[in-house]
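Letters go in sequence order (proteins before strands), and every chain restarts at 1. Just so we're clear, the structure is a prediction, and the values are computed from it rather than from any experiment.
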Amino acid sequence: MMKVVEGSYAVAHAAMCCSPDVVSAYPITPQTHIVEHLSQLVADGELRAEFLTVDSEFSALSVLVGVSAAGGRSYSSTTSQGLALMYEVLYNVSGMRLPIVMTVANRALSAPLNIWNDQQDSIGARDVGWIQLYSENVQEAVDTTVQAYKIAESLEIMTPVMVCMDGFILTHVYEPVELLDKEQVADFLPPYRPTDILDPQNPKTFGAFADPSTYTEFRYLQYEAHLKALSKIENVAKEYAEVFGRDFGGLLDAYQADDAEIIIVTMGSVVGTIKEAIDGLRAEGTKVGLVKIRSYRPFPAQALMKELKNADVIAVIEKDICVGNEAALLTDIKAAFYNSNLRMPIIGFAAGLGGRDITIKDIRKAVEKASAARKGIESQFEFLTLRKEIL
Amino acid sequence: MQNLLAPGHRACAGCSMPTVIRLVLDAAGTNTIVVSPTSCLEVTTTPFPESAWVVPWIHSLFENASAVASGVEVMMKRQCKDTNVLVIGGDGSTFDIGMGSNSGMFERGHKVAYICYDNEAYMNTGVQRSGSTPFCAHTTTTPAGELSLGNPRPKKDMPAIALAHGVPYVATASVAYPVDLRKKVERALQTQGPSYIQVNAPCITGWTFDAGTTIEIARLAVETGLWPLFEYVNGELTEVKKIRRIKLVDEYLKVQGRYKHLYKMPGGAEILRSIQDIADKNIAMYKLVD
Amino acid sequence: MIKAGELVKPGSTQITKTGAWRTFAPAVEHNKCIKCSLCEIYCPESCIHQESGLFVPDLAYCKGCGICSHECPSKAIIMVLEEK
Amino acid sequence: MKEIRFHGRGGQGAVTAAELVAVAAFEDKKFSQAFPAFGVERRGAPVMAFARISNVPIRIRSQVYEPDYVLVQDVTLLDVVDVDSGLKSEGMIIINTDRPTNQLKLKTDAQLIVLDATRIAMEVLGRPIVNTTMLGAFCGATREVSLGSINKAIAERFKGELGRKNLLAIKMAYERVST
């Protein structure tokens, strides 16, 4: 049933439909509404799960290590500083191949303290071995939550997933959302049945330490699981579309990209605003298109090349900055293209940092710069809206 | 005695920690899941692809064993399994880096028995000071020197911290008193809620003493009053192990390399007297002598 | 052979014979033994077992720490320099 | 697409008002979106919220800079916030006030609607919470959402006696601006 609800409620409802055994939570803006809603669902008896209020985000994810190793399905949600505090556990979860699903309500990192949206938090955790899926709107965050469990728990993947949704912009928006049906989700998502769990009847050692003679192979297997996830993510999205009738793309999604001369690449909620901008620009005769990255990890290099190969110029707009270099997605795309025969200019823009609004005007500015770059790149990376007057 | 810790592990010859684990597991039995933080215990018992653990065991990180155990305990409860959930960790994770997650586990009231094998410093990394290191012991980060007589601070009172959380079963134990240790583990496992047992566990490498004397050193800690054996149930002191013939701390200190500077350096004698004061205080407080 | 990423089997350190670490080996004079079992209890290597009523160290694992000898109340175990 | 900006003070329910407009519009078979101008403001501080109503799915996620409608829940905000900033000249601003209109010092050419929502709220709800009352006015003055749908949204949000009182407040405001 479609209903106007808050993004956080929709995602909490989706998590509930996945029937986690345990939810652990530590409050942090703008994630709080998600776990508040979940605790209410537990209090009302709609979700028969254990809800643990823990001492930190570090413990929130650590608790789930125990739950997952003991054979339970688990859920948590965090953002920003909380995700940073989890950093050590993030590696541990992926290294132990525990298929935990966590919503990241993307938010900027301190200092200076800022509670608003950008994606520096999850981008900073791009190398921790988790699959990262980004959502364009609330519905996609809902649908991706279910897909995430299916991907994470499939035995050939066994890799945790972060479902990234822009903080406030998606977590606090009220918009029409098709709320999921618990039974339909149960049909789509089989129960979690890991091959090994902590069980006195069949004792196993989890988390042994590996010396130089074996560590590499553990990492290789994770690397391989991510390669396998490339097709898994596509397949699960297709399967989901067949059952639920909604398709936001697999690894990526394209909008007006087929004949586009300028293609914008981006992730997250700014996709909608860019689509609006593209419609305006197209009406004026500018051939602009969009490729939305859903799966940032694993990085869909091949799929991207296929989608972008006919563009004259590529403009990457992203809500992160890798201080000391440029921005993450820009670097990744350039790296993916280097050994190919694709040689169009690729330029990048950091935008929307710390919650700075991204308007259609801003998108048009980026498109103008991209258009000019066809004749030669002036700057391959810049801050899209920089208030030079306060520098 | 059940052997739930297999031989072939890589602990130092003369280490007390494997004996502590063996005694704890013997008391707990096979229907047990153990969570361990990063420690000597972890690296010496689980070198991939081997494991000394006969019961299911999980290691995640240095500072999260209590949180992981909370998750395991919740899942056992959810599956209506009456499985013992134990944390076995060293003092570094217990007293210092894991304090936050320990506090959370205690406060949430999980039915987890937390066993700290306390060797009074970070031994896994090479004998650095921890919050558990006793007054004026030498460690590699509190070395004796012209301006230093070793660790300048007293040992953190971790049992008191557990008690302050309302942990219903709090006890100290010693590797030298296996019957007492086993009994306390059994009581901890019968407790509805968290329990905390702090076991004195001498480290031959970090404390430096003669080969073969590991257990004797632990016994001396008890007999001098420096390691009182007590038990608190629901916040009440319910049991104290009386000492038949109290010994001077000197007997305990002089046989350990970590205190040898106190016998050589100016000011050492005064420190030795104040360590005796610590023991005397314990003797009075816990009425260790009849 | 266990493959990378698989979970480790219980008690599998037994494939490593730590007896090679040893310099001194325990020698038990069984006639002095009072069967208190303290050697078995205190042994960090879990390697002293009762065999037909006698306490016998498993030299495949014994690291020669000497705890059994030191703790034996009847001095039935002595540590002897091992010829290798 | 119609864009609405709500001005209020923290605790006055501006965000709830935006949410209720979105719920009501959807009830009218339109697409809608509502979101707060996210801040760390506490009770009493000036806050904003936005809503969009459209016949097609709404994709844009930037804030509202050129609203069709502005709702001001507290006239004292006029002294500190440019409430009519970007307001379309063919648009409308609805202000809760008992001040004479010539004292409002607005820069906009847009149609001005004033009503003493506080008085209605005090009479009906017994509290100076005007967000629902203002929705009645919005509904009556703009007809962007139907009264029936607003009432349904209110009834779902506020149960029992509180819901009944809010419905009455909405009706009074609706009639006041409609006549």
With a 4.0 Å cut-off, would you call B:R187 and B:E239 a salt bridge? yes
When the 4.5 angstrom heavy-atom criterion is applied to B:T45 and chain C, the contacting part is backbone
Set of residues satisfying salt bridge (Lys or Arg N to Asp or Glu O under 4.0 Å) with respect to C:E6, sequence neighbours excluded: none
Would you say the side chains of B:Y114 and B:S66 form a donor-acceptor pair under 3.5 Å? no
Roughly how far, to the nearest 0.5 Å, is CH2 of B:W57 from CG of B:L4? 15.5 Å
Given C:C47, C:G11, C:P10, the one with more heavy-atom pairs under 4.5 angstrom with chain B than any other is C:G11
Which residues in residues 7-15 of chain B have a heavy atom less than 4.5 Å from any heavy atom of chain C? B:P7, B:G8, B:H9, B:R10, B:A11, B:C12, B:A13, B:G14, B:C15
With a 4.5 angstrom heavy-atom cut-off, which part of C:E71 approaches chain B: side chain, backbone, both or neither? side chain
Rounded to the nearest 0.5 Å, what separates atom CG in B:L226 from atom CD in B:E251? 11.5 Å
Side chain / backbone / both / neither for B:V20 at chain C, heavy atoms under 4.5 Å: neither
Would you call B:E120-B:R258 a salt bridge at under 4.0 Å N-O? yes
Region of B:P56 that comes under 4.5 Å of a non-hydrogen atom in chain C: neither
I'd like to know if the side chain of B:E216 pairs up with that of B:T213 as donor and acceptor (distance under 3.5 Å, no hydrogens or angles considered). no
Test side-chain contact (heavy atoms from CB on, under 4.5 Å) applied to B:K77 and B:Q79, B:M75, B:E73, the passing residue: B:E73
With a 4.5 Å heavy-atom cut-off (strictly below), which parts of residues 27-43 of chain B touch chain C? List them by number. none
So which of C:T18, C:D58, C:T16 has the biggest tally of heavy-atom pairs under 4.5 Å with chain B? C:T16
Thinking salt bridges, do B:D26 and B:R182 make one under a 4.0 Å N-O criterion? yes
Specify whether B:F209 and B:W207 have parallel, tilted or perpendicular ring planes, treating 30° as the upper limit for parallel and 60° as the lower limit for perpendicular. perpendicular
What part of B:I215 gets closer than 4.5 Å to chain C, counting heavy atoms only: side chain, backbone, both or neither? both
Is it the backbone or the side chain of C:K17 that comes under 4.5 Å from a heavy atom of chain B, or both, or neither? neither
Any donor-acceptor N or O pair under 3.5 Å, side chains B:D250, B:Y263: yes
Side-chain donor-acceptor contacts of residues 25-44 of chain C below 3.5 Å, not counting sequence neighbours, with atom names and distances?
| from | atom 1 | to | atom 2 | distance (Å) |
| --- | --- | --- | --- | --- |
| C:Y42 | OH | B:A176 | O | 2.9 |

Residues C:R22, C:E82: salt bridge by 4.0 Å N-O rule: yes
